[in-house]
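In what follows, chains carry the letters A, B, and so on, assigned in the order in which the sequence lines appear, proteins first and then strands, with residues in each chain numbered from 1.
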Protein chains: 2
Amino acid sequence: MTSSRKPGLPQAKLRVMMPGGDWIGPGKADLLEGIEATGSISAAGKRMRMSYKRAWGLVETLNRMFSEPLVSASRGGAGHGGAELTATGREVLALYRQMQHRTENALSQEIAALSRLTDIPAEK
Amino acid sequence: MTSSRKPGLPQAKLRVMMPGGDWIGPGKADLLEGIEATGSISAAGKRMRMSYKRAWGLVETLNRMFSEPLVSASRGGAGHGGAELTATGREVLALYRQMQHRTENALSQEIAALSRLTDIPAEK
DNA sequence: CACCGTTATCTCCGGTCGGACATAACGACG
DNA sequence: CGTCGTTATGTCCGACCGGAGATAACGGTG
């Protein structure tokens with residue numbers, strides 16, 4: 001062994017700034033995914049250990065960001081209320097995941113180079 | 001004209017998470033560039049309309065992130081003190097800019113698709 | 001040895017963010 | 001028509017962030 005290194009590789013995260021000044025990043029993407037998986041804003045928030053207030057605020061922002069809402073929510077009713085992604089919502093989520101994968105693939109070279117710069121040079 | 005759109009395209013910003021929990025994003029990259037250009041932490045901060053305290057804190061973080069400092073600063077002396085990028089600093093800055101360009105190129109397709117989702121559909 | 005501009009460090013403070021909690025509305029269902 | 005779980009909305013509060021400003025250290029230079 002000639003050098004040691006902090007555990008874990010550098011990791012690129014993506015934030016897509018939208019024209020209105022809002023943005024979508026890993027947090028909102030995960031929340032969308034959680035809503036798709038659980039059918040509920042509060043459950044999706046709970047999964048991420050985030051208060052309902054915050055989860056609801058993020059959804060409100062997401063719904064403002066595009067010309068059509070990404071999340072459709074309903075109170076009461078058969079399933080005692082719930083939420084689901086709209087077609088636009090699924091599309092935006094898929095696009096963000098696609099962007100994530102593309103960046104990961106595009107940056108592996110530089111990630112490795114940065115990781116080397118966290119090496120602790122061996123003793124002379 | 002069949003649709004209108006908010007001005008400006010979506011824009012991807014990159015945040016590279018480093019193993020220690022710190023990260024480097026557009027702000028720290030611009031600050032490094034400013035230090036390289038001005039030879040001073042305070043001048044670089046001023047250019048970005050940021051307090052010296054904040055600029056100095058960012059530099060401290062940057063110097064902790066890698067195995068060698070990115071910025072070398074000196075008080076007093078010939079030029080009344082100043083700061084410059086180390087070789088590692090220049091390398092990290094170049095790598096980040098490279099990553100920026102690669103992501104821009106890799107994501108143009110999805111950026112365009114997201115932009116279409118901010119269109120306001122034409123009247124029927 | 002005083003001067004200079006920058007680095008380095010401190011305190012104070014206002015704005016912001018998010019959590020915790022409370023409350024109400026909702027609407028099908030039994 | 002009461003029950004239920006969720007959405008929707010509010011208040012209160014502590015944590016954190018960053019700016020403003022003060023102060024000192026530094027070390028060549030004149």
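- Comment: A/Glu36 does not engage A/Arg90 in a salt bridge, judged by the lack of any side-chain N to carboxylate O separation of less than 4.0 angstrom.
- As rounded to whole Å, 6 Å separates atom C1' of C/dG5 from atom NE2 of B/His80.
- Between B/Tyr52 atom OH and D/dA22 atom P there is a gap of 17 Å when expressed in whole angstrom units.
- D/dT6 atom C1' lies 13 Å from atom CD1 of A/Ile35, rounded to whole Å.
- Atom CD of A/Glu84 is separated from atom P of D/dT7 by 12 Å (rounded to the nearest Å).
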Counting primed atoms, P, OP1 and OP2 as sugar-phosphate and everything else as base, the B/S/- map of nucleotides 12-23 of chain C against protein heavy atoms under 4.0 Å is ------SBB---

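- Classification of B/Arg97 and B/Asp30 as a salt-bridged pair holds, one side-chain N sitting under 4.0 Å from a carboxylate O.
- One distance of note links CD of A/Glu110 with CD of B/Gln98; it measures 5.0 Å at 0.5 Å rounding.
- A/Ile41 pairs in a side chain to side chain contact (heavy atoms under 4.5 Å, CB included) with only one of the listed residues (A/Leu58, A/Ile35, A/Leu31), which is A/Ile35.
- Remark: side-chain polar atoms of A/Lys28 are paired, donor with acceptor, to backbone N or O of A/Trp23 under 3.5 angstrom.
- As a whole-Å value, the separation of B/Glu60 CD from D/dC17 P is 13 Å.
- For the residue pair B/Ile24 and B/Ala29, the shortest heavy atom distance occurs at CG1-N, 4.4 Å.
- Residue B/Lys46 contributes atom NZ, which lies 14 Å from atom C1' of D/dG19 at whole-angstrom precision.
- Proximity of residues 70-79 of chain A to DNA chain D (heavy atom under 4.0 angstrom from any strand atom) is restricted to A/Ala73, A/Ser74, A/Arg75, A/Gly76.
- The shortest side-chain heavy-atom distance between B/Phe66 and A/Leu117 falls under the 4.5 Å cut-off.
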Taking only distance into account, with no hydrogens and no angle test, what donor-acceptor pairs under 3.5 Å do side-chain atoms of residues 75-87 of chain B form with protein atoms, sequence neighbours excluded?
unit_1, atom_1, unit_2, atom_2, d
B/Thr86, OG1, B/Pro69, O, 2.8
B/Thr86, OG1, B/Leu70, O, 3.3
B/Thr86, OG1, B/Thr88, N, 3.4
B/Thr86, OG1, B/Gly89, N, 3.0

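- One finds a side-chain N or O of B/Trp56 lying less than 4.0 angstrom from the OP1 or OP2 phosphate oxygen of C/dA8.
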